[in-house]
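Below you'll find the structure, written out as structure tokens, and then a few comments.
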Amino acid sequence: MPRDAAEAVTLQHRLRHRVVSDAPLPAPPRLVAGLDVSYESSSAGGRIAGAVVVLHLPDLSIAESVTSIGTCDFPYVPGLLAFREVPILLSALEKLTVTPDVLVCDGYGIAHPRRFGLACFLGVTTGLPAFGVAKTPFVGTFDEVPDERGAFTPLVHEGETVGRALRTQRGVKPVFVSPGHLIDMDDSTGLALRLALRYRLPETTRRADRLSRDALREALSSA
DNA sequence: GCGACAG
DNA sequence: ATCTTGTCGC
């Protein structure tokens, strides 16, 4: 891992060419993994907890869940989020005894200043299909999304469609979906929708968020 | 040059 | 991400 921002940007530029973001999934996914990270402090130096929850499709029952505790050694810089979260998430992924068919990341894929967001990084690193579902806008612009579940408008950045603003529930703000690696726009959108049957965010993200939060609380209190 | 800026 | 009160709605 890079030690500073300059090295990180260089690494992103070197790896971005390995990204495949226009291919459909090789087969219908059976196991989908949600990943998330919780922080003790907003800045670097504090403890962090990474969590991965694998769900069965289509029933969304839990297949396996793992966590990993560590320290945050990279500051938050827009565009460099992956360098904060990838290490802890990889250590958690190593504990899995099952191999997910796709990773659902908390953040962006190719909808990124250098087309290499967190989902691209995790996908290229693990060799697994990965896409991102973000809660707030980052790069690009989009037209208002019709207030209907499943409706979406393209997220455009520098003339390219890099993702979609997707309404997962009527009456709630849209989420932002973008392919990361070995998956395309349609499969990413379809999966996000299948995972967000009741709430705004995919069930994978919600479960991983809770698990990482619980794991961090536990780590901070016991030791 | 001035803001905006995933989590 | 995280820190937090009250409030609207099913």
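Side chains included, hydrogens not; waters and symmetry mates left out as well; all remaining heavy atoms used. Below, chain A is the first sequence line, B the second, and so on; all start at residue 1.
Salt-bridge check for A/Arg164 with A/Asp186: passed, with a basic side-chain N closer than 4.0 Å to an acidic carboxylate O. A salt bridge links A/Asp106 with A/Lys135; the closest basic N to acidic carboxylate O contact falls under 4.0 Å. The existence of a salt bridge linking A/Arg206 and A/Asp209 is excluded, since no basic side-chain nitrogen approaches an acidic carboxylate oxygen closer than 4.0 Å.
Distance CG (A/Asp36) to P (B/dA6): 15 Å, rounded to an integer number of Å. Rounded to an integer number of Å, the gap from A/Arg213 CZ to B/dG7 P is 13 Å. Distance CG (A/Asp209) to P (B/dG7): 11 Å, rounded to an integer number of Å. A/Phe176 has its CZ atom 11 Å from the P atom of B/dA6, to the nearest Å. Atom CG of A/Asp106 and atom P of B/dA6 are 12 Å apart (whole Å). Computed from coordinates, the A/Leu81 CG to B/dA6 P distance equals 9 Å when rounded to whole Å. Atom NE2 in A/His112 sits roughly 12 Å away from atom C1' in B/dG7 (whole-Å rounding). Taking atom CG of residue A/Leu122 and atom C1' of nucleotide B/dG7, one finds them 13 Å apart after rounding to whole Å.
A/Thr136 comes within contact range of the sugar-phosphate backbone alone, with a heavy-atom separation under 4.0 Å but no base atom that close. Looking at heavy-atom distances under 4.0 Å, A/Ser41 makes no contact with the nucleic acid at all. The residue A/Gly132 sits apart from the nucleic acid: no heavy atom pair falls under 4.0 Å. Nucleic acid contact for A/Ile48: none, since no nucleic acid atom lies under 4.0 Å from a heavy atom of the residue. At the heavy-atom level, A/Leu35 lies nowhere under 4.0 Å from the strands shown. In this structure, A/Pro113 reaches neither bases nor backbone, as no heavy-atom distance under 4.0 Å exists between it and the strands shown.
With a 3.5 Å limit on both pairing distances and Watson-Crick or G-U wobble geometry required, DNA chain C contains no stem of 3 or more pairs.
Considering every non-hydrogen atom in both A/Ile110 and A/Ser178, the closest pair reads N-OG, 3.9 Å.
In the 5' to 3' direction, nucleotides of DNA chain C lying under 4.0 Å from heavy atoms of chain A begin and end at C/dA1 to C/dT2.
Stacking is not found between A/Tyr108 and the pyrimidine-like six-membered ring of the B/dA6 base under the 5.5 Å centre-distance and 30° plane-angle cut-offs.
Counting only residues at least two apart or on different chains, the side-chain hydrogen bond (donor to acceptor under 3.5 Å, both in side chains) pairs with a member in residues 51-77 of chain A are A/Asp59-A/Ser61, A/Glu64-A/Thr97, A/Ser68-A/Ser91.
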Let's go through A/Ile62 and A/Leu55 carefully: what are the C-alpha distance in whole Å and the side-chain angles of both, what is the deciding distance for side chain to side chain contact (heavy atoms under 4.5 Å, CB included) to 0.1 Å, and is it a yes or a no? CA-CA 5 Å; A/Ile62 296 181; A/Leu55 305 181; 3.7 Å; yes

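With A/Tyr39 as the fixed residue, the side-chain hydrogen bond (donor to acceptor under 3.5 Å, both in side chains) test singles out one of A/Arg47, A/Arg213, A/Glu85: A/Glu85.
A ring-centre distance under 6.0 Å is not found for A/Phe152 and A/Phe142.
Between the side chain of A/Arg170 and the backbone N or O of A/Arg149, no donor-acceptor pair lies under 3.5 Å.
Residue A/Lys135 has a polar side-chain atom (N or O) positioned under 4.0 Å from OP1 or OP2 of B/dG7. At the phosphate of B/dG7, neither OP1 nor OP2 sits under 4.0 Å from any side-chain N or O atom of A/Tyr39.
A perpendicular orientation is assigned to the rings of A/His112 and A/Phe138, their planes being inclined by more than 60° (bins at 30° and 60°).
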